[in-house]
Asker: 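Let me begin by handing over the structure; questions about it come next.
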Number of protein chains: 2
Amino acid sequence: MQKAIQKRKLKTRARLFAAAEDVIERNGYEALRVEEVVQAAGVAKGTFFAHFRDKDALMEILIGQKLVDCFDSVEQGPTPTTVPDIINALAPIHAFMTSERYVFDLILRYSGATAIAEIGPIAMCFERYVRMVAKWLEHAQVRRDVSPDLLADGVQAFAIQSMSLTYCALHTSQSFQNRLEIYLKAWLTPTG
Amino acid sequence: MQKAIQKRKLKTRARLFAAAEDVIERNGYEALRVEEVVQAAGVAKGTFFAHFRDKDALMEILIGQKLVDCFDSVEQGPTPTTVPDIINALAPIHAFMTSERYVFDLILRYSGATAIAEIGPIAMCFERYVRMVAKWLEHAQVRRDVSPDLLADGVQAFAIQSMSLTYCALHTSQSFQNRLEIYLKAWLTPTG
DNA sequence: ATCAAAAAATGACCACGGTCAATATAAAAT
DNA sequence: ATTTTATATTGACCGTGGTCATTTTTTGAT
């Protein structure tokens, strides 16, 4: 028989989150150590893993939450209608995704959920990205020979490609924004 | 003054590679343990790290080598001229990249070299991918309003997107090949 | 209040990647 | 040959993520 979750557990969980956010605030995501978090939270190490499957699971939640915040703020703003506007509108999301190499890699790893049961916040955001952009494209000045959903998928693909090249020393001649603009103009408004 | 590398070192290195390949042959890339490799090679653990910066460095070399083999065999074949042919031609490369989740993630992580000095085999292959596809596109039946280089960049972006979705339970309705074909038709032969 | 059972927390312990001072071996100088 | 110096190897040791049998706390029934 299932008993209800105790308030104690919620409190412990909250303390772990607070401690983790504090640690990250100071040293960034990559430098986070589980040991440091549990000490700051005043609990034993085992407790951490009773709350989170592993370290990555905590990271997924924290980074996912930040991503959700980004999406929320982007969706507050006006609907962009041109390629430069779209890139501008997406900027906060892309900026956070590339704020740390570690963050970018983790997001990529969790962008697809292997099983339906374990669709986490990051995978949800990837879905949301496509839905949001597709909605924009319905009313934007873009090609109409393919569906907005397909176009939105492409925007995501090109954004990821551009962000990846951000970390590549072979492609420093262009900034992220420039590169993405070139890609998206060719993708969304072909003149063939 | 620099003395020459001793033959002994080359032998040890060869033993490490052979042992690692053997271990991978049996259990795949992800399950590889450094301890297992050094035992099979008959050397101490420290020796491993005198030859490779870390475990990933060995993986990059081994996976990079396999990738090079894939590219070599693809470049042996005929030059594809249509979208389905292009997808077919690239199949061996894509197949290897998605042969193991671990392999795919590692390849993505190493696809861009942070510093010019440390461009490894995987980053080289990503360059090669674009060069090869761009060459194909020069003589393929595709749009001409943008450069083959740009088109090839896009092919890479869409291929990665398609491979990523392979690992996502939210997108099982379509196979990798189907999805990529839809993307590439829209990208390479728009009818706007 | 007392007790039984479920939930939560604990910390000693393990697995595995990675380090480094010490040692052994090879090559060059005498 | 002997000595010197650079190169290569060693294995005890460490850091950190993760496990699990045991203990503590909470809850609900009597």
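In what follows, every chain begins at residue 1, and chains take the letters A, B, ... in the order their sequences are listed.
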Asker: Between atom CD in Gln39(B) and atom C1' in dG11(D), what is the gap in whole Å?
Answerer: 13 Å
Asker: Return the residues of residues 57-65 of chain A meeting this criterion: a heavy atom under 4.0 Å from some atom of DNA chain C. Order them by number, or give none.
Answerer: none
Asker: Quick check, are the ring centers of Phe96(B) and Phe71(B) under 6.0 angstrom apart?
Answerer: no
Asker: Over all heavy atoms of both residues, which pair between Arg143(B) and Pro190(B) is shortest? Give the atoms and the distance, please.
Answerer: CD-CD, 3.5 Å
Asker: Would the distance check show the side chain of Glu30(B) and the main-chain N or O of Glu100(B) forming a donor-acceptor pair, the cut-off being under 3.5 Å?
Answerer: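 No; zero donor-acceptor contacts below 3.5 Å.
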Asker: Show which residues join Val68(B) in its hydrophobic cluster (side-chain heavy-atom contacts under 4.5 Å, direct or indirect), or state none.
Answerer: none
Asker: What residues in residues 105-114 of chain B put a non-hydrogen atom under 4.0 Å from any atom of DNA chain D?
Answerer: none
Asker: For residues 79-91 of chain A, dump all side-chain donor-acceptor pairs below 3.5 Å to protein atoms at least two apart in sequence or in another chain.
Answerer:
residue	atom	partner	partner atom	Å
Thr82(A)	OG1	Asp85(A)	N	3.3
Thr82(A)	OG1	Asp85(A)	OD2	3.3

Asker: Can you pull every protein N or O that's under 3.5 Å from an N or O on nucleotides 17-19 of chain D?
Answerer:
residue	atom	partner	partner atom	Å
dG17(D)	OP1	Lys55(A)	NZ	2.9
dG17(D)	OP2	Val34(A)	N	3.1
dG17(D)	N7	Lys45(A)	NZ	2.9
dG18(D)	OP2	Lys55(A)	N	2.7
dG18(D)	O6	Lys45(A)	NZ	3.4

Asker: Below the 4.0 Å mark, does dA8(C) have OP1 or OP2 next to a side-chain nitrogen or oxygen of His51(A)?
Answerer: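 Checking dA8(C) against His51(A), no side-chain N or O comes under 4.0 Å of OP1 or OP2.
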Asker: A side-chain contact here means heavy atoms from C-beta on lying under 4.5 Å apart; do Gln156(B) and Val133(B) qualify?
Answerer: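 No, too far: nothing below the 4.5 Å cut-off.
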Asker: Under a 4.5 Å side-chain heavy-atom rule over Ile, Leu, Val, Met, Phe, Trp and Tyr, are Met97(A) and Val74(A) clustered together?
Answerer: yes
Asker: side-chain contact (heavy atoms from CB on, under 4.5 Å) with Tyr167(A): which residues, sequence neighbours excluded?
Answerer: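 Residues passing side-chain contact (heavy atoms from CB on, under 4.5 Å) with Tyr167(A): Thr98(A), Arg101(A), Phe104(A).
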Asker: Taking CD1 from Ile5(B) and P from dA28(C), how many angstroms apart are they, rounded to a whole number?
Answerer: 14 Å
Asker: How would you list, by chain and number, every residue that makes a side-chain contact (heavy atoms from CB on, under 4.5 Å) with Asp22(B), sequence neighbours excluded?
Answerer: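 Testing Asp22(B) for side-chain contact (heavy atoms from CB on, under 4.5 Å), a comparison that skips the adjacent residues, returns Arg26(B).
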Asker: Please enumerate all residues that pass ring pair (Phe, Tyr, Trp, His ring centres under 6.0 Å) together with Tyr110(B), with sequence neighbours excluded.
Answerer: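 In terms of ring pair (Phe, Tyr, Trp, His ring centres under 6.0 Å), with neighbours along the sequence ignored, Tyr110(B) is linked to no residue.
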Asker: Name the atoms and distances for all side-chain donor-acceptor pairs under 3.5 Å in residues 36-51 of chain A, with sequence neighbours left out.
Answerer:
none

Asker: Is any NZ, NE, NH1 or NH2 atom of the basic residue among Asp56(B) and Arg109(B) found under 4.0 Å from an Asp or Glu carboxylate oxygen of the other?
Answerer: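 Looking at Arg109(B) together with Asp56(B), the answer is yes, because their closest N to O distance falls below 4.0 Å.
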Asker: Please table the atom pairs, donor to acceptor, closer than 3.5 Å between any side-chain atom in residues 121-131 of chain A and protein atoms at least two apart or in another chain.
Answerer:
residue	atom	partner	partner atom	Å
Glu127(A)	OE2	His171(B)	NE2	2.8
Arg128(A)	NH1	Asp72(A)	OD1	3.3
Arg128(A)	NH2	Asp72(A)	OD1	2.8
Arg128(A)	NH2	Glu75(A)	OE1	2.9
Tyr129(A)	OH	His94(A)	NE2	2.8

Asker: Can you name the nearest heavy-atom pair linking Leu137(B) to Pro148(B), along with the distance?
Answerer: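 Minimum heavy-atom separation between Leu137(B) and Pro148(B): CD1-O, 4.0 Å.
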Asker: Identify the heavy atoms of Trp187(B) and Val155(B) that sit nearest to each other, and give their distance.
Answerer: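 That closest heavy-atom pairing would be NE1-N, 3.7 Å.
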Asker: So for the helix from dA1(C)-dT30(D) to dT30(C)-dA1(D), with five pairs setting each end axis, what is the inter-axis angle to 10°?
Answerer: 10°
Asker: Return the residues of residues 6-21 of chain B meeting this criterion: a heavy atom under 4.0 Å from some atom of DNA chain D. Order them by number, or give none.
Answerer: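 Heavy-atom contacts with DNA chain D come from Gln6(B), Arg8(B), Lys9(B), Thr12(B).
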